[in-house]
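Excluded from the calculations below are hydrogen atoms, water molecules and symmetry mates; all remaining heavy atoms, backbone and side chain alike, are included. We name chains A, B, ... by the order of the sequence lines, and we start the count at 1 in each one. Quick caveat, the model's predicted, so the values are computed rather than measured.
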Amino acid sequence: MVLIGKADRNSQIGKVGIIDRLFEELLRMYGPQGWWPLLTCKGCNPTKTGSSQGYHPGDYSYPQTDNQRFEICVGAILTQNTSWPNVEKALFNLAREGLLEPMIMVADEGKISQAIKPAGYFNQKTRKLKVFSSFWVNLKGNPKREDLLSLWGIGPETADSILLYAFRMPEFVVDTYTRRILLNLCLIEDEDSYDDVKRLLISGARNDFRTYQEYHALFVEHAKRYYQKKPYGKDCPLKKLLSAPEI
DNA sequence: TTCCAGGCAATAC
DNA sequence: GTATTGCATGGA
């Protein structure tokens, strides 16, 4: 029996153990999530909430084509401060117009804005997509994180999403939901930086892209259930895990 | 109606 | 340097 109390939360070693336990519990609760969602993905689970054609739980073979890789990058940019269903509408529109390709992104502008309108911030995001696609067409092999970060419109979360899901590199993605959960569980402080939180999460997970993908997706799934409305974390079952002994 | 969404860059202080 | 503001649509 492991009792995780407040004292443990104040030490780094205690936190690592807690993170590890959180992951275990989330996986038990929701099972493998199989991110990232793709428009074209054979055998995807079509019933998954918020997904056009569903996720691919337990299948870590995606992306399988350059087009899918590019689609993930576009999705990562479009989903900045935007709900996924809105992003899906935009992705559908882009695909329908034949715009979900790097070369065409470089050329056309008005059509891109029109297509991505549902995802919001369409003027900014059009520019971001053009900047990124220029980068993409000159890209050889996997991108470097610092190169992505140097692009206008790509911050730490978007860079890590691209590296983790499009290129299957072990970079943990820290998003609003993840922060919200960890903050609520008193495992981080409000002023902790992106990298602080990332380090903590990495310390509690196997250094493997599949693990990072799964855990990030699990945080989002959990947050959608318990951390979307205030008060955040109401009825969150993970709290029991941290304050009480295991049964 | 108000709040929030899988952020980021620009501007204000 | 840190804090605040602009970007924008759509669903709950």
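Here, C:dA8 and B:dT11 have their P atoms 14 Å apart, quoted to the whole Å. For the C1' atom pair drawn from C:dA3 and B:dA5, the interatomic distance equals 22 Å after rounding to whole Å. Rounded to whole Å, the separation between the C1' atoms of B:dA9 and C:dG10 comes to 24 Å.
For the pair A:T82 (side chain) and A:A119 (backbone), a donor-acceptor distance under 3.5 Å is present.
Residue contacts for A:R180: at a heavy-atom cut-off of 4.0 Å it reaches the sugar-phosphate backbone alone, with no base atom in range. The residue A:Q124 sits close to a base: some heavy atom pair falls under 4.0 Å. A:I154 comes within 4.0 angstrom of the backbone, heavy atoms only, and of no base. The residue A:K229 sits apart from the nucleic acid: no heavy atom pair falls under 4.0 Å.
The CZ-C1' distance, from A:R127 to C:dG6, rounds to 14 Å in whole Å.
Each of A:Q228 and A:G153 was assigned the nucleotide of DNA chain B with the nearest heavy atom; the assignment lying further toward the 5' end belongs to A:Q228.
Minimum atom distance to the side chain of A:K230 is reached by B:dC4, of the listed C:dT9, B:dC8, B:dC4.
Taking the ring centre of A:F172 as origin, the terminal cationic atom of A:K198 falls outside the region bounded by 6.0 Å and 45° from the ring axis.
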